[in-house]
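As structure tokens, the structure follows; a few thoughts come after it.
Lettering of chains follows the sequences in order, A, B, ..., and the numbering in each one begins at 1.
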Amino acid sequence: MKKGDHLFLVDGSGFIFRAFHALPPLTRKSDGLPVGAVAGFCNMLWKLLTDARDTSVGVTPTHFAVVFDYSSKTFRKELYDAYKANRSAPPEELVPQFGLIREATRAFNLPCIEKEGFEADDIIATYSRQAEAVGADVTIISSDKDLMQLVTPNVHMYDSMKDKQIGIPDVIEKWGVPPEKMIDLQALTGDSTDNVPGIPGIGPKTAAQLLDEYGNLDALLARADEIKQVKRRENIVANADLARLSRTLVTLRTDVSLDVPLDQLVLENQNGPLLIGFLKTMEFNTLTRRVAEACGCDASAIEPAPVKIEWGPAAHGPDLEIGELQAEDGAATVASPVAGPAFASAALPSGPTPADLVKARADAFHGKTIDIGDYQTIRDLPTLEVWIAAARESGLVAFDTETTSLDPMLADLVGFSLAIADNTHSAGTTEIRAAYVPLAHKTGVGDLLGGGHADGQIPADAALTALKTLLEDPSVLKVGQNLKYDYLLMKRHGIVIESFDDTMLISYVLEAGRGNHGMDALSERWLGHTPIAYKDVAGSGKSSVTFDLIDIDKATAYAAEDADVTLRLWMVLKPRLAADGLTKVYERLERPLIPVLARMEERGITVDRQILSRLSGELAQKAAAFESEIYELAGERFNIGSPKQLGDILFGKMGLPGGSKTKTGQWSTSAQVLEDLAAAGVELPRKIVDWRQLTKLKSTYTDALPGYVHPQTKRVHTCYSLASTTTGRLSSSEPNLQNIPVRTAEGRKIRTAFISTPGHRLVSADYSQIELRVLAHVADIPQLRQAFADGIDIHAMTASEMFGVPVEGMPAEVRRRAKAINFGIIYGISAFGLANQLGIERSEAGEYIKKYFERFPGIKDYMESTKAFARENGYVETIFGRRAHYPEIRSSNPQVRAFNERAAINAPIQGSAADIIRRAMIKVEPALADAGFGERVRMLLQVHDELIFEVEDDAVADAMPVIVSVMEHAAMPAISMRVPLKVDARAATNWDEAH
DNA sequence: CCCCAACCGTA
DNA sequence: GTACGGTTGGGGG
């Protein structure tokens, strides 16, 4: 072990105790063996191992050990016979679990440590001090106050149940003394649970105050006669020896002779088959499934490991030395009460690799016929309950809703479908059955009395009550396709889906940039199957009907097939995450965002229709004025909004010099072309540009937005798409609230219509220059890093470096050019593009770029290495490992290739920034809840580098620092950025002023 | 009725 | 030079 390493020490006995008491008792299904504590222990360990690598603890362990008490016979008992004498014997049902928990530890491939005569705490203390001595960091997984004496700047404790780290300040806050005085404090207070006597009448508060005053226990005892309070003085004088004895008892030994040296505690990789074998034996189906998914194993191909259970009073069993477990020859036999060959031996069972599972699943599902005639229609509650029970037993179910609208805020539930895998064959063959549950179908439309409730449907409230038990059961994985839709819809019915996967998001993580991730496309790609087209059941265009008017038999085929296909896609796609090393991206950047975005969409934002209506009127008047002037100048009336007609007027009739052609050969009438003509002194083009701006604002915003106000909530609910960009950004639609005008004064007026509810403010918090900061980080550019560290004007710095102009008194034009170059770099610069942007010659732009690369050679290196990586792999990666694919990067067409190269250069920058704000969004709600804000602060919108919240007036001042802090540290602890992130936040009653 | 091109709003 | 979505006009089926 060396400096920089990180040792995790789990207080195994503490874990057992907490697992046993925190959870309802659980017995093994097949033989009634109590395994509740084993289950709790395994779940806690699994959570710790997966979380520890990222957010919860904030550090990645290099070394790891689970430490147990050996028995109750310790040196302390020798010292003081009454030590822990009042401890009652462990509960009967816990006894057989002690051995199992040690087996569990080994199944997790973790060192399992104990030592005769010592408590776990002494071993932990010894390892801690040894690790500290070589400069390593230590995290002790426990919240036991007995261990707090070990806390130093390098040694932390971590309460995994409360997800809370305990450092020196936390000890002081809790006990009133720093960690090094904890021993004296415990000596004074004693400990009733361990029967440590202490001094009667002295509790933690008094003890802390005394230690503060006298410094330490010895000084206190020596000067006890100075204590003013009579009773207290007498107690202390009379019991000084007891206090000294107590001190010995609570002082942890740091000199335990360790059987397993520190260096052997290296954290090994998870051995999937080993762990799964054990978990299957324990019949922990949910955890088995999770582990199998995480490590890409096919659980059905792994046999339960033989584990001998010993009933009876033996709490510990024969001596077990960890050294034997780690014997290199793998031949060590361990006579543990529960040892089975698969666990006692260092020869680990071999199982299918993630790649094997990927292939097996692809073979099993691609091209397999899907019989849509086999689907069942569930028309009564008992049948539904049977299906739900089967789904819960299986632990895996695909779920899909059918509704009357694509907008989840307006949709009415019409029915839902379920698909279950009957995975009975250990060979891995899987039978899938699916069913549709109609709830609100109506009788035929042709019917004169049409529109009535159709017969043979379960009452919706009864069906939803049954469904709720399934969807909210965390031990059943719900699989959906575009699950955010169903999540939001079910949330509107009071059901909060717990434990879920989304095949659309899995596909997006695997192959962003390679086609879309809709179900039909995925089905074609992975299953070789064309699902029934929606328009084939609902019709299209004017003759289309809503789903409630579709015949139930036809609806069953369509809806059940969707669930069926979704489950098949999950089978095929999910193992690919592990095989491609993308599980973390999916689990940390994608899946958690589903509930976050669903809540944001459900909340919506208030838009003042009066303001918009007034603006519409103003825009109409101004546009009309321009129209008459335009007709006057053109000499005729025409459709100004038609680029074709406008081109004919300008370049045909008026004979103006055409600037450029579009790719279809038409004259371009772009704003750029019109501006150029205006600059040359022609009057008409300027008016066209102004007219276009006004009509754009009117048609896209002031006229359209009121139509999105929800009839019930009176708010506007945008829809965020998680899977529609190549880079990892979100997109927003219906309405798009990510392109509300801001650049012109006229446009900004539209933002004043986005308002907070009375008694609240809108708080806008936006990242400053996040993409340039990401660039400075990934390309590691010293000048950029320095400039950001110093908080100086980044564009002025660039200009100064390039042109040798001092920042003081720099002409605006010089800075403007540098700014354009900085943006150009992010976009994968070309001389052509930069020349266009700045209105300069290509050759001059080329000179700028050359100069820039001379000053910042690291940027050139970054661009070249990114292009090379993309050419080699067909994708690029963000700093968090998200992939963006560019399948055309090797195109023989130079234009196509160059375009893909620029996009590939841009993607890690734009995508890393997108990942950072995603992390902020996932973290900010829990952080605000922890800070006690609850629903007083509600996140409403995301605009790529900006988050908008609605905050109760009284909470604004206190909530803003929390928001800013979460955003600025959002990359941590996964990535420690080489540049600081900066967030600006403002509060106002409308979006314009808050921004 | 559907789709595409052109244009333009945002980061 | 990157990434999106919405509106309009206009052509083709």
Proximity to the side chain of A/N906 - top-ranked nucleotide from B/dC1, C/dG5, C/dA3: C/dA3
Any N/O donor-acceptor pair, A/Q910 side-chain to C/dT2 base, under 3.5 Å: yes
A/S699 side-chain proximity, nearest of C/dT7, C/dA3, B/dA6: C/dT7
Candidates C/dG5, C/dG10, C/dA3 - which lies nearest the side chain of A/S642: C/dG10
Selection from B/dA6, C/dG5, B/dC7 that lies nearest to any side-chain heavy atom of A/S733: C/dG5
Closest nucleotide among C/dG5, B/dA11, C/dC4 to the A/T725 side chain: C/dC4
Length of the OH-C1' vector between A/Y701 and B/dC7, whole Å: 12 Å
Separation of atom CG in A/L705 from atom P in B/dT10, rounded to whole Å: 14 Å
Under-4.0 Å side-chain N/O to phosphate OP1/OP2 contact, A/S731 with C/dA3: no
Selection from C/dG10, B/dG9, B/dA11 that lies nearest to any side-chain heavy atom of A/H995: B/dA11
From OG (A/S912) to CZ (A/R773), nearest 0.5 Å: 15.0 Å
Aromatic ring proximity A/F754/A/W991, centre distance under 6.0 Å: yes
Aromatic ring proximity, centroids under 6.0 angstrom, A/F869 and A/Y862: no
N or O in side chain of A/Q645 less than 4.0 angstrom from C/dG10 OP1/OP2: yes
Nearest-Å distance for atom pair CD1/C1', residues A/I826 and C/dT2: 9 Å
Watson-Crick or G-U wobble mate for C/dG13, both contacts under 3.5 Å: none
Short side-chain N/O contact from A/S540 to OP1 or OP2 of B/dC1, under 4.0 Å: no
Per A/R743 side chain, nearest of listed nucleotides B/dA5, B/dA11, B/dC7: B/dA11
Sugar-phosphate only, base, or nothing, as touched by A/A671 at under 4.0 Å among non-hydrogen atoms: sugar-phosphate
Any donor-acceptor N or O pair under 3.5 Å, side chains A/E627, A/Y631: no
Nucleotide nearest A/N739 when distance is taken to its side chain, options B/dC8, B/dG9, B/dA6: B/dG9
Gap between atoms CG and C1', on A/D648 and C/dG9 respectively (whole Å): 13 Å
Nearest listed nucleotide, side chain of A/R902, among C/dG5, C/dT2, B/dA11: C/dT2
Distance, rounded to the nearest Å, where A/L694 contributes CG and C/dT8 contributes P: 15 Å
Side chains of A/T669 and A/R692, donor plus acceptor under 3.5 Å: yes
Distance in angstrom units between A/W667 CH2 and C/dG10 C1', rounded: 21 Å
Below 4.0 Å: OP1/OP2 of B/dC4 and any side-chain N or O of A/T664: no
Side chain of A/A903 - closest among C/dT2, B/dA6, B/dA11: C/dT2
Any A/Y586 side-chain heavy atom under 4.5 Å of A/Y508 side chain: no
